[in-house]
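What follows is a short report on a single structure.
We count ligands from 1, going down the list as the structure has it; atoms in each ligand are counted the same way. Just so it is clear, the values below take in all heavy atoms, side chains as well, and ignore hydrogens, waters and symmetry mates.
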Amino acid sequence: MNSIGAVFRVEIFGESHGGCVGVLIDGCPPGIALSGSDFTADMARRRGGGKGSTPRREEDRPEISSGVFEGRTTGAPVLLTIANSQSDPSAYEDLRYTPRPGHADIAAWLKYGGFNDYRGGGHFSGRLTAGLVAAGVVAKKIIAPAEVKAVIEEAGGSREIERAVEAARKDGDSVGGIVTCVAKGVPAGLGEPFFDSVESAIAHAVFSIPAVKGIEFGAGFSSARMRGSECNDPIKDRGGATEKNDAGGILGGITNGNEVVFRAAFKPTPSVSKPGRTVDLRTGKQVEISVKGRHDACVAIRGAVVVEAVTAVALADLLLRASGSRVKTGG
Ligand SMILES: Cc1cc2nc3c(=O)[nH]c(=O)nc-3n(C[C@H](O)[C@H](O)[C@H](O)COP(=O)(O)O)c2cc1C
């Protein structure tokens, strides 16, 4: 459904062109210092406006509507709302009956019988990730001194990211990308066997990000082509430190004290002006479609900070589960 987590529970809401997007966080430990300025840096990383990204520029300033008193979390649910100040639903009227290939439009129409908010993908829009980034800011404080960092390492199969994105944009097209994420300082022993392994918890969170189509931990798919002697990470000490980290810091679904490392694959942005084919839902006939409006040519660029945020959310939940109570941590 729209919530994730067992103890640190994040519930997401909003639509691209509705009044707002945001998150409700339950299970947030008391005593964490939290103010509006804490969100500025990460929200700016997610916001559009850079090369190859959507020209939709919104302030993206989360309003802390509950759960914080005198600058600290109280232990009550934290409600973070982000206004949609620049929505332009008129741009989507043409798309009401012509679902964009590759977007969630057709799946949402089929699932909700046409009652879904179709404007800009409604609840399935990348805009919803603003709430995830806001939740990530809180989660990062909980997991401190552990730190999560995600960066885009390639776009369109090339490490020359700007060039690849620009070339696609000029063609009225888009490209995908790969984001690498590293979590440092994660204590050994996180992860709950059998079904709530660290891989499962992180993958669950990362696959909630629109356009993510793959994830691999450590050597991932390439480990299938290795020999055991090559793949095994030699152990250096009783703390679990290893000479290399092909396991991505996870063994048996549990953190082993090394860095947690994974990569996430983003597909190309579905909305492209290059003509494609869809169906007119009124007639059932196939028609040509060219999507106009404000769209990223590569969502992986803005996706990196979202990967970072949801990873922090997953780790915060595992950490609080391991500590067994809502004790004061981090911040
Ligand atoms: C930060 C971010 C921004 C996005 N912006 C757009 C966009 O401008 N246009 C678009 O068509 N898709 C965009 N997407 C991707 C779609 O939301 C996504 O492809 C769609 O919801 C279908 O989901 P799926 O690709 O996971 O199947 C964005 C995704 C993210 C993470």
Side-chain angles (χ1 to χ4, degrees), residues 2 12 14-18 21 23 42-58 60 82 84 86-89 91-92 94-95 98-112 116-136 150-152 155 165 168-169 172-179 181 203-215 264-276 278 289-311 313:
N2 285 293
I12 192 166
E15 292 86 21
S16 184
H17 294 271
V21 295
V23 282
D42 279 0
M43 296 308 282
R45 286 170 67 201
R46 199 213 69 90
R47 200 168 36 232
K51 257 199 174 165
S53 82
T54 172
R56 182 174 177 173
R57 281 167 202 259
E58 308 198 66
D60 279 358
I82 303 148
N84 287 333
Q86 283 200 359
S87 62
D88 178 16
Y92 291 93
D94 288 354
L95 297 171
T98 48
R100 291 167 292 174
H103 213 293
D105 302 350
I106 183 78
W109 186 78
L110 291 167
K111 183 172 173 68
Y112 301 110
N116 56 297
D117 182 347
Y118 61 87
R119 302 168 303 169
H123 189 56
F124 297 88
S125 165
R127 173 94 189 122
L128 274 282
T129 60
L132 295 178
V133 171
V151 288
I152 180 166
V165 174
R169 198 190 57 74
D173 219 330
S174 62
V175 280
I178 295 178
V179 167
C181 185
H204 189 182
V206 171
F207 276 122
S208 72
I209 304 172
V212 168
K213 286 291 163 184
I215 187 166
F266 283 77
K267 75 182 194 183
T269 320
S271 299
V272 290
S273 59
K274 199 166 194 162
T278 186
I289 182 170
S290 162
V291 183
K292 309 281 184 261
R294 308 171 292 181
H295 300 282
D296 288 346
C298 177
V299 298
I301 295 174
R302 294 163 64 210
V305 67
V306 189
V307 169
E308 213 174 274
V310 300
T311 304
V313 165

query: So do the side chains of His123 and Asn2 get within less than 4.5 Å of each other, counting heavy atoms only?
result: yes

field: Phe207 atom CZ: more than 12 heavy-atom contacts under 6.0 Å
entry: yes

field: Asp60 and its salt bridge (Lys or Arg N to Asp or Glu O under 4.0 Å) partner, picked from Arg47, Arg45, Arg127
entry: Arg127

message: Closer than 4.0 Å to some heavy atom of Lys213 - which atoms of ligand 1 meet that?
response: 27 (O)

- prompt: Against heavy atoms of Ala104, which atoms of ligand 1 measure under 4.0 Å?
  reply: 22 (C)

field: Arg302 N/O under 3.5 Å from ligand 1 N/O
entry: no

message: I'd like to know if the side chain of Arg46 reaches the main chain of Arg302, judged simply by a donor and an acceptor atom lying under 3.5 Å from each other, with no hydrogens or angles considered.
response: no

task: Would you indicate which of Gly303, Pro210, Gly293 comes nearest to atom 31 (C) of ligand 1 when only heavy atoms are counted?
output: Pro210

message: Show me which atoms of ligand 1 lie under 4.0 Å from any heavy atom of Gly126.
response: 2 (C), 3 (C), 4 (C), 17 (O), 28 (C), 29 (C), 30 (C)

- prompt: Does the N or O separation between Arg46 and ligand 1 drop below 3.5 Å for any pair?
  reply: no

message: With respect to Ala211, determine whether any N or O atom, backbone or side chain, lies less than 3.5 Å from an N or O atom of ligand 1.
response: yes

message: Closer than 3.5 angstrom, by distance alone: can the side chain of Ser125 be matched with the main-chain N or O of Ser16 as a donor-acceptor pair?
response: no

- prompt: Of the backbone atoms (N, CA, C, O) and the side-chain heavy atoms from C-beta on, which set of Lys267 has a member under 4.0 Å from an atom of ligand 1: side chain, backbone, both, or neither?
  reply: side chain

- prompt: Quick one: does Arg100's side chain get under 4.5 Å of Pro270's, heavy atoms only?
  reply: no

message: As an exercise, identify every atom of ligand 1 less than 4.0 angstrom from a heavy atom of Asp296.
response: 3 (C), 8 (O)

field: Atom indices of ligand 1, in the order listed, that fall short of 4.0 Å to a heavy atom of Ile209
entry: 31 (C)

field: Considering all heavy atoms, the nearest Ala155-Val165 contact
entry: CB-CG2, 4.0 Å

